[in-house]
Each structure stands twice: as structure tokens, then as C-alpha cells.
Amino acid sequence: MSAIVLGGGDALLIVDPQVDFLPGGSLGVPQGDAVLAPINRLIDLYRAQALPVYVSRDWHPALHCSFAAQGGPWPVHCVAGSDGARFAAALQLDAAVVVSKATTIELDAYSAFNGTGLADALRARGIRRLAVCGLATDYCVLNTVVDGLAAGFEVLLVTEAIRAVDVTAGDGDRALGRMLDSGAVPVQLSGAGLVANLAIGAAA
Ligand code: VGL
Ligand code: ZN
């Protein structure tokens, strides 16, 4: 069995698990709510070993450049302080470190590393490896994983705890391929821990 042994230097990074990205939200990801149960299991797993949990959030001003009225590609979503910007109520995020991104009108940031100081904050805590999960596979998860690898972190991608917007059919699959090509290691929950996702590893 290819179990992943967690220890010092590991952290969990949950990407944008926000109400607007869940079904019914203004930018709802199909089956986005399917990530919530595995993410809670991941939080339990990391917390049980006193390992840090980070959670990023889209935290846009009301006239953000990514919104359609400003010429951007998206409907209004995740406006700072709004109900849609809240974290999914089902998640146990009490002790998580919150990373807000794309907080100014003129900057969009799909990556949790873009303009947030996250890489330095992680290094300052001795973190070398991240397990990444959340929404959406083809935007913020993709860019966070690629940036995290480029910044020198190892990335475990929890494949059952991500879902894609799929504006164009296949976007999520292509994003997964890019993340694996960039060096992310696909993993899944198993019993009390994480194991390599051999189904995906074999196909890659
Ligand atoms: C996201 C579209 C626009 C994401 C954020 O979190 O993946 N997608 N803003
Ligand atoms: Zn956004």
C-alpha cells in the first residue's frame, strides 16, 4: 500500500469552499457540495496530528474586474462580507488560517499564492508539503497547485475533494492533467489516512 505518512512540514490547503461556488450559489460548481464531506475528513486528519489548516477565499470588492458588468467573465460572486462569500456552513474551519485573495478592484487572482504572501507564511512555519482540495478544479485549484509547485512546495492533490466548473466540457480533466504534469501527486482518503490514488497515477 502506498500510504502517505503525514508529519512536520505538512499542511492542508482548502481552496475557496464558499457559498457562491456551491450549487445554488451565483457561480455554483456542479456537484460542488460533494467536496464538503471529504474536506471535513481531511480537516480531522490534519488536526488530529496538530498540523496546520489553511483556507483561501475569493474576497472581491463589489465592482471587481472579473464581474460581467466590468467586462469580466463571471457573474457577481464572493463579494467581501456578503453571504455568498461565507465558507460552507458544513465545514469545521474554526482553527483554520484564512487567506483572502483578489481583494482589490483591478486584480483577479485564481491562485491562493497570488498577492497573498502565502508562500512566505508557509515557509516561515516550516511547511514543505501541501494537501490541496476545494473549488474549482479548473480555476482556483489549478492555479494554486501550479503556483505552489513553482514555489517549491510538494503538492498532494486530493482528487475526491475537488470539482470543476467545466465552462467547456473537459476543462476539469484537462486541469487535472496539467496539475499532474506539473508534479502534483494524486491522493485519496482511505480509512484513517491518505494513500496515493493509483487509478489516476496509472493513467497519468
Ligand atoms: C473561481 C471563478 C472565479 C474559483 C474564482 O475559486 O475557482 N472561479 N473566481
Ligand atoms: Zn472570483
Side-chain angles (χ1 to χ4, degrees), residues 12-36 38-39 42 53-91 93 96-119 130-150 155 157-180 182 184:
L12 176 64
L13 174 56
I14 309 163
V15 176
D16 299 9
Q18 292 168 273
V19 169
D20 273 339
F21 296 129
L22 297 176
S26 67
L27 215 172
V29 175
Q31 301 173 10
D33 47 349
V35 305
L36 301 177
I39 290 175
L42 289 163
V53 176
Y54 289 78
V55 59
S56 68
R57 65 182 180 185
D58 235 13
W59 200 244
H60 298 320
L63 299 179
H64 191 245
C65 62
S66 76
F67 299 166
Q70 278 66 246
W74 304 114
V76 172
H77 65 278
C78 299
V79 171
S82 68
D83 286 347
R86 298 175 78 91
F87 292 124
L91 294 179
L93 290 169
V97 178
V98 176
V99 180
S100 298
K101 63 184 173 62
T103 61
T104 58
I105 286 181
E106 65 281 0
L107 172 77
D108 202 8
Y110 291 141
S111 165
F113 290 95
N114 187 351
T116 61
L118 178 60
L130 297 169
V132 177
C133 57
L135 302 170
T137 305
D138 36 359
Y139 294 94
C140 289
V141 172
L142 168 64
N143 286 276
T144 296
V145 165
V146 168
D147 278 1
L149 290 163
V155 172
L157 181 63
V158 189
T159 49
E160 71 206 281
I162 59 176
R163 288 295 184 282
V165 181
D166 275 335
V167 170
T168 302
D171 282 354
D173 289 341
R174 282 186 288 273
L176 179 58
R178 280 185 57 192
M179 291 187 276
L180 302 183
S182 301

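Both counts, for ligands and for their atoms, begin at 1 and track the order of listing. On a predicted model such as this, the values are computed, not experimentally measured, just so you know.
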Q) Under 3.5 Å, is there a donor-acceptor pair between the side chain of H77 and the main chain of G84? A) no
Q) Of the backbone and side-chain N, O or S atoms of H60, does one lie nearer to the Zn ion (ligand 2) than 2.8 Å? A) yes
Q) So which bit of V141 gets within less than 4.0 Å of ligand 1, heavy atoms only: side chain, backbone, both or neither? A) neither
(Q) Are the side chains of E106 and C65 in contact, using a 4.5 Å heavy-atom criterion? (A) no
Q | Any W59 side-chain heavy atom under 4.5 Å of K101 side chain | A | no
Q) With a 4.5 Å heavy-atom cut-off, do V155 and T144 have their side chains touching? A) no
Q: Check whether any N, O or S atom of C140 sits under 2.8 Å from the Zn ion (ligand 2).
A: no
Q) Of the choices N143, T144, L142, D58, which has the non-hydrogen atom that lies closest to atom 5 (C) of ligand 1? A) D58
Q. What protein heavy atom sits nearest atom 4 (C) of ligand 1, and how far off is it?
A. C140 SG, 2.8 Å
(Q) Would you say that Y139 contacts D16 through its side chain, given a criterion of any heavy-atom pair below 4.5 Å between the two side chains? (A) no
Q. Does H77 come within less than 4.0 angstrom of ligand 1, counting non-hydrogen atoms of the residue?
A. yes
**Q.** Interfacing atoms of ligand 1 (cut-off 4.0 Å, heavy-atom, F21)
**A.** 1 (C), 4 (C), 5 (C), 6 (O), 9 (N)
(Q) As an exercise, identify every atom of ligand 1 less than 4.0 angstrom from a heavy atom of L135. (A) 6 (O), 7 (O)
Q: May I ask you to identify the nearest protein heavy atom to atom 8 (N) of ligand 1, giving residue, atom name and distance to one decimal place in Å?
A: Y139 CB, 3.8 Å
Q: Would you check if the Zn ion (ligand 2) lies under 2.8 Å from any N, O or S atom of D58?
A: yes
Q.
Test of understanding: with salt bridge (charged side-chain N to carboxylate O under 4.0 Å, His left out), list the residues that count as partners of D171, not counting sequence neighbours.
A. R174
**Q.** side chain to side chain contact (heavy atoms under 4.5 Å, CB included) partner of L13, chosen from V53, V97, L130, V145
**A.** L130
Q. Just one of L142, N143, L118 clears the side chain to side chain contact (heavy atoms under 4.5 Å, CB included) bar with S111, so which one?
A. N143
Q.
Would D16 count as being in polar contact with ligand 1, using the rule that some N or O on each side must be under 3.5 angstrom apart?
A. yes
